[in-house]
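Scroll down for the structure; my scribbles are underneath it.
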Protein chains: 2
Amino acid sequence: MSDNSPGTRNAPPHRTAKRMSPEERKSALIEKATEFFSEEGFEAGTRELARQLGITQPLIYRYFASKEDLINEVYHKVYIDQWQDEWVDMLRDRSVPMRARLKTFYHSYTATIFNRRWMRIFFFAALKGLDINQRYIERVRRSLLIPICEEIRAELGRDDSTPVTDTELENVWLMHGMIFYQGIRKHVYCSVQEIDMAFVIDTGVDMYVDSAHQSGAPGSG
Amino acid sequence: MSDNSPGTRNAPPHRTAKRMSPEERKSALIEKATEFFSEEGFEAGTRELARQLGITQPLIYRYFASKEDLINEVYHKVYIDQWQDEWVDMLRDRSVPMRARLKTFYHSYTATIFNRRWMRIFFFAALKGLDINQRYIERVRRSLLIPICEEIRAELGRDDSTPVTDTELENVWLMHGMIFYQGIRKHVYCSVQEIDMAFVIDTGVDMYVDSAHQSGAPGSG
DNA sequence: TTATCCCTTTATCGAGCGATAAATTCAAGG
DNA sequence: CCTTGAATTTATCGCTCGATAAAGGGATAA
């Protein structure tokens with residue numbers, strides 16, 4: 001049996017892709033590229049990506065000037081589009097005790113980033129040393145962790161006129177790392193099936209808040 | 001000016017590599033490959049690796065049957081050769097209080113793995129889902145974290161006839177993650193210059209030991 | 001029905017990859 | 001000196017990659 005006819009080797013069963021509007025096709029491409037590159041890494045080939053979309057490889061280049069352009073749109077979708085400005089609002093909401101605020105925030109934050117695609121793209125990008133990754137981490141520091149430091153100070157009634165110190169920030173990074181690492185275990189190591197997020201967040205936040213209260217809180221000793 | 005003569009484009013200044021004994025050459029190759037692949041990822045080309053060694057690319061294949069073989073030796077050097085059996089001895093040494101044991105252990109452990117090469121190779125391998133990586137994590141669990149659980153039980157005078165529970169293990173993973181994450185920040189994110197390891201380890205270990213003491217220790221309340 | 005538009009495919013290019021075979025060159029032993 | 005053997009280089013193969021140009025073909029409007 002000869003194998004000259006196209007589409008019989010290991011390709012999808014249809015010979016020609018369904019016609020789509022440019023907007024549909026482009027968003028389908030970005031969606032699939034996110035899944036594909038998060039599994040295979042950004043060195044993976046455009047031909048295999050096209051095959052999984054049921055299209056031919058040159059069609060990708062009608063919608064993206066280069067592979068790098070496509071990847072940049074994937075980054076944008078992961079890093080920028082999924083960021084929620086509500087996170088900082090939660091953290092700043094002084095009608096709620098800091099302990100509860102932190103737990104609410106981390107439940108929302110991990111609901112967004114604790115999934116296979118986000119976690120793996122994050123580490124693929126980190127290992128490449130990409131600027132967009134550095135900027136994301138800086139955004140976490142500036143827009144989430146520093147506010148946490150400031151709010152903890154406020155709740156403890158401490159001086160809020162001086163800038164947050166490195167030590168205060170490092171304490172928050174410890175809590176953050178403890179929580180974040182459990183996502184790595186599940187989605188990068190794949191060494192655990194399910195994580196008890198409530199337990200992880202409760203433990204991490206309680207540890208942080210308790211330690212903040214103990215370390216030189218006025219009138220605590 | 002023509003560029004036909006070899007070695008004038010962007011190669012090292014010498015035309016021919018210094019002759020080495022097979023043992024010297026092979027170990028030099030593995031050493032440089034570890035550095036090279038930890039920076040560029042395992043998709044990086046053998047020609048660039050050879051260039052950095054001041055040799056030509058086919059010479060690599062006199063010492064390794066394939067690129068994959070070379071990479072496996074890199075893994076072996078990182079994962080197996082640097083493992084220290086003394087780690088479990090430290091953790092089992094009941095002449096020392098558990099808190100101090102854990103701090104000694106983590107200082108030794110992080111001294112080995114908190115460096116750019118180890119951390120990056122670990123994550124490159126993790127993202128590839130390699131079996132050797134899974135086995136390393138399993139080794140950490142079985143040979144380090146489970147012993148920690150058992151030793152904590154012993155120090156608290158609890159029943160040591162039942163196997164370590166998932167909950168006990170998850171508590172250790174929280175401490176472990178808190179410490180490990182700070183290595184990620186430095187060597188994968190490259191978002192921090194220096195880490196106060198004594199502070200990180202003290203905080204992580206104290207948090208874990210304190211929480212173990214509090215959670216239903218007989219005679220503690 | 002036919003013409004037009006544009007989404008999609010076919011064909012192909014040049015570069016880089018891992019790997020092999022054959023030629024070369026250096027160093028040691030006679 | 002010359003010979004010999006092994007370390008190293010040169011040349012090259014087949015394949016895959018990202019990317020481009022040109023041909024094909026399906027939907028829509030006249």
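Residue numbers begin at 1 in each chain, while the letters A, B, ... track the order of the sequences.
- Distance OH (Y61(A)) to P (dC17(D)): 11 Å, rounded to an integer number of Å.
- Looking at the side chain of P58(A), the nearest of the listed nucleotides dA21(C), dG18(C), dT10(C) is dT10(C).
- Summarising the geometry, the separation between CD1 on I60(A) and P on dG18(D) is reported as 8 Å, rounded to the nearest angstrom.
- Between the P atom of dG16(C) and the CD atom of E43(A) lies a distance of 15 Å, rounded to the nearest Å.
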Protein-nucleotides 5-8 of chain C N/O pairs under 3.5 Å:
from, atom 1, to, atom 2, distance (Å)
dC6(C), O2, R19(A), NH2, 3.2
dC7(C), OP2, R62(A), NE, 3.3
dC7(C), OP2, R62(A), NH2, 3.4
dC7(C), O4', R19(A), NH2, 3.4
dT8(C), OP1, K18(A), O, 2.9
dT8(C), OP1, M20(A), N, 2.9
dT8(C), OP1, R25(A), NH2, 2.8
dT8(C), OP2, R25(A), NE, 3.3
dT8(C), OP2, Y63(A), OH, 2.9

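- Nearest heavy atom pair, residue E40(A) against residue F124(A), reads C-CZ, 4.3 Å.
- As judged by a 4.0 angstrom heavy-atom cut-off over every strand, A50(A) is placed among residues making no nucleic acid contact.
- Listed by chain and residue number, nothing satisfies the salt bridge (Lys or Arg N to Asp or Glu O under 4.0 Å) test with K128(B) (two or more places apart in sequence, or in another chain).
- Contacts classified as side chain to side chain donor-acceptor pair (under 3.5 Å) and involving residues 188-202 of chain A (residues at least two apart or in different chains) are given here: K186(A)-E194(A).
- Between the P atom of dG16(C) and the CZ atom of R51(B) lies a distance of 14 Å, rounded to the nearest Å.
- Atom pair L53(B):CG and dA7(D):P shows a separation of 16 Å (rounding to whole Å applied).
- Ionic pairing of R99(A) and D206(A) is present here: one or more N-O contacts between side-chain nitrogen and carboxylate oxygen are shorter than 4.0 angstrom.
- Atom CD of Q57(A) is separated from atom P of dC17(D) by 9 Å (rounded to the nearest Å).
- Residues N133(A) and F122(A) come closest through the heavy atom pair ND2-O, 3.1 Å.
- The base of dG16(C) has none of its N or O atoms less than 3.5 Å from a complementary donor or acceptor on the side chain of R47(B).
- Under the 6.0 Å cut-off for aromatic ring centres, W118(A) and Y136(A) qualify, their centroids lying closer than that.
- A centroid separation of 6.0 Å or more is found between the aromatic rings of Y181(B) and Y181(A).
- Summarising the geometry, the separation between NZ on K67(A) and P on dA15(C) is reported as 19 Å, rounded to the nearest angstrom.
- If you take NZ of K26(B) and P of dT8(D), they are 14 Å apart, rounded to a whole angstrom.
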